Engineer: 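Can you keep this structure in mind? I'll have questions shortly.
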Amino acid sequence: MRTLKGHTNTVNSVTFSPTGTHLASCSTDLSIKLWDFKTYACLRTLRGHDHTISSVRFWPKPDLLQTNNNGSSNNGNNNNATTSSASSTGMDAATAGCAHLLSASRDCTVKLWDVETGFCDATFTDHTDWVRCLAVRQSDGGLFASAGNDTVIQVYDTTRTRVMELRGHEHVVETLAFVTEEPLKTNAARETQHTKTIRDYLASGSRDRTVRLWKVSESSCIAVLKAHENWVRSVVIHPSGNYIISSADDKSIRVFDIKAQRCLRTLDQAHNHFITSLDMHHTLPILVSGSVDHTVRCWLLD
Amino acid sequence: MVLTDRQRVDLHAGIIEYLRSRPDPAFQEAANAIASADPDAAAKKTAESKTPLLEKKWTAIPRLQKKVLELERIAAQNLKIHAHRAGTGGASGAAGGAGGARRMLPRLPCQHTLQGHASVVTSVAVHPVFTVAVSGSEDGTIKVRSFSWLYLPQSPRCSTRSHTLSCHLLPLTTPTN
């Protein structure tokens, strides 16, 4: 068991890169730290936000994945190019599987950072209030969504333009999630109609105690799930695409069935205090939840 | 009356048997009357059992009704379960070869509780490949924990790595409900 120290204030969010080689964490001390997961060393600290940073996510770049699939000569050239230019983070984008990092902050902006150079490439200022959460569509990195205190979910695509706004929540949106998928899934051979439908799903949880399910291609809300008794702090879409697992300040973890649009199972008193976050593995039967009662609980799925 | 001859004979035999079992002479008279009216029924030897045939048949109706209700309830339950299974059968088969029966949903009680943070745990993340999770907290630290209890085969890269992640048994507490 390891402890990574470095932040001087609350760590708000942690996230892995798609290949799992790097970890990013963001904090109320206005910095984002990049860690190497093999050596547990802090590679880089990114500064630039003016206020506390609520969420970070890695953003995989689709064309990077394609070059890894092409012939080795192509790959060799690519690698040479990246290593010759001094990579100041010591971080190779090709191993991490992504070139960018997104961060959402209380200063109402979402920033896009280049992972190798550590510079902020772009700033999105569409939000009018604290941006609390981010979600990236892992499989192709084609979309990302951000939301926060202004109750509107903004969705952007790879060209960094805003694709749509999703309105409907009545209170602060605390969390967003796309389907938990295998990151860097480049094998598109086994795509069924079902996979295509679930890839379209975006789930959001809010302080208005509801979990909403949106269909991104149609910009519409297809379900409003009301079962929690307090702020919904975290949502996760099950890899099968049939369930949404959410946790809230009512100390429970609930499983919602998407087709039936109702709460299927409730794990009451899952923690002794508010549950702040959930995460799930895309294939292993593990669900992890963290809470204000200072503990992290692991749940077996069956 | 929609009875076959055989059924009628059985009915009469049952009636006779029941009447004969009553001690009152009036019943015996009635039994004899029927016996004379229907000699086949009188001749029929009913099976030697504790409860007379007629009483058993009479109480059969509520018994069977209860059974039917019970079976209907079970059938409805199974239908509900199978409706879900039919939906997830295809998808969960793809997700880790778990087979159609597993829905991969969390259940109580929680498997393990990891103590160690000094303050509110603000976020958790699971490693995309290894059985490792990290948690960030208000105390400014990030803790990396591995799931030694899951006993799943870890990637060979993981086991040759630094000693921190190999089988150091973590001080995991058993869940207190």
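Residue numbers start from 1 in every chain, and the chains themselves are labelled A, B, ... in the order their sequence lines are given, proteins ahead of strands. Not measured: the values here are computed from a predicted model.
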Engineer: By a 4.5 Å heavy-atom criterion (distance strictly below it), what part of A:Leu267 contacts chain B: side chain, backbone, both, or neither?
Structural biologist: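 Both parts, heavy atoms under 4.5 Å.
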Engineer: Please look at A:Val292 and chain B and tell me whether the side chain, the backbone, both or neither of the residue comes under 4.5 angstrom of a heavy atom of that chain.
Structural biologist: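 The answer is both parts of A:Val292.
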Engineer: Please find the pair of heavy atoms, one from B:Ala125 and one from A:Asp279, that lie closest to each other, and give the distance.
Structural biologist: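 Shortest heavy-atom separation between B:Ala125 and A:Asp279 comes out as CA-OD2, 3.1 Å.
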Engineer: More than 12 heavy atoms of other residues, nucleotides or ligands under 6.0 Å from CD1 of B:Ile61: yes or no?
Structural biologist: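 Atom CD1 in B:Ile61 is not crowded, with 12 or fewer foreign heavy atoms closer than 6.0 Å.
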Engineer: Is there a donor-acceptor contact under 3.5 Å from the side chain of A:His294 to the main chain of B:His117?
Structural biologist: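 Pair absent, no side-chain N/O of A:His294 close to backbone of B:His117.
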Engineer: Roughly how far, to the nearest 0.5 Å, is the CD atom of B:Gln115 from the OG1 atom of A:Thr295?
Structural biologist: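 CD of B:Gln115 is found 6.0 Å from OG1 of A:Thr295.
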Engineer: Under 4.5 Å heavy-atom distance to chain B, tell me which part of A:Ile275 shows up: side chain, backbone, both or neither.
Structural biologist: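 Neither the backbone nor the side chain of A:Ile275 comes within 4.5 Å of chain B.
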Engineer: Where does A:Ser291 contact chain B at under 4.5 Å (heavy atoms): side chain, backbone, both or neither?
Structural biologist: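 Contact with chain B is through the backbone of A:Ser291 alone.
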Engineer: If we only count heavy atoms from C-beta on, is the B:Thr131 to A:Ile286 side-chain gap below 4.5 Å?
Structural biologist: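 Side-chain contact under 4.5 Å: yes.
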Engineer: Run the numbers on A:Val11 and B:Ser137 for side chain to side chain contact (heavy atoms under 4.5 Å, CB included), then give the verdict.
Structural biologist: CA-CA 5 Å; A:Val11 173; B:Ser137 142; 5.9 Å; no
Engineer: With the side chain counted from C-beta on, respond yes when A:Val296 and B:Thr113 share a heavy-atom pair under 4.5 Å apart, and no when they do not.
Structural biologist: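 Answer no - side chains too far apart.
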Engineer: Is it the case that the side chain of A:His281 and the backbone of B:His127 share a donor-acceptor pair, with hydrogens and angles ignored and the cut-off at 3.5 Å?
Structural biologist: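 At least one qualifying donor-acceptor pair exists.
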Engineer: Measuring heavy-atom distances to chain B, does A:Ser289 have an atom under 4.5 Å in its side chain, in its backbone, in both, or in neither?
Structural biologist: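 Just the backbone, heavy atoms under 4.5 Å.
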Engineer: Okay, side chain of A:Thr276, backbone of B:Val121: is any donor-acceptor separation there less than 3.5 Å?
Structural biologist: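 Yes: the side chain of A:Thr276 pairs with the backbone of B:Val121.
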Engineer: For chain B, find which of A:Thr28, A:Asn9, A:Leu287 contributes the most heavy-atom pairs closer than 4.5 angstrom.
Structural biologist: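 Highest number of heavy-atom pairs under 4.5 Å: A:Asn9.
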Engineer: For A:Leu4, run the side-chain contact (heavy atoms from CB on, under 4.5 Å) check against B:Thr141, B:Ile142, B:Val134 and tell me which one passes.
Structural biologist: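 Answer to the side-chain contact (heavy atoms from CB on, under 4.5 Å) test with A:Leu4 among B:Thr141, B:Ile142, B:Val134: B:Ile142.
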Engineer: So for A:Asp293, is it side chain, backbone, both, or neither that comes closer than 4.5 Å to the heavy atoms of chain B?
Structural biologist: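 For A:Asp293, no heavy atom lies under 4.5 Å from chain B.
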Engineer: Considering non-hydrogen atoms only, spot the tightest contact between B:Val124 and A:Val14 and give its length.
Structural biologist: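 Scanning both residues completely, I find the closest heavy atoms to be C-CG2, 4.1 Å.
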Engineer: Closest heavy-atom contact between A:Phe16 and B:Val126?
Structural biologist: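 Taking every non-hydrogen atom into account, CD1-O, 3.5 Å.
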Engineer: Looking at A:Ser13 and B:Ser123, what are the two nearest heavy atoms and their distance?
Structural biologist: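 Looking at all heavy atoms of both residues, the shortest contact is CA-OG, 3.2 Å.
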Engineer: Between B:Pro128 and A:Ser17, what is the shortest heavy-atom contact and its length?
Structural biologist: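 In this case the closest contact between B:Pro128 and A:Ser17 is CG-O, 3.7 Å.
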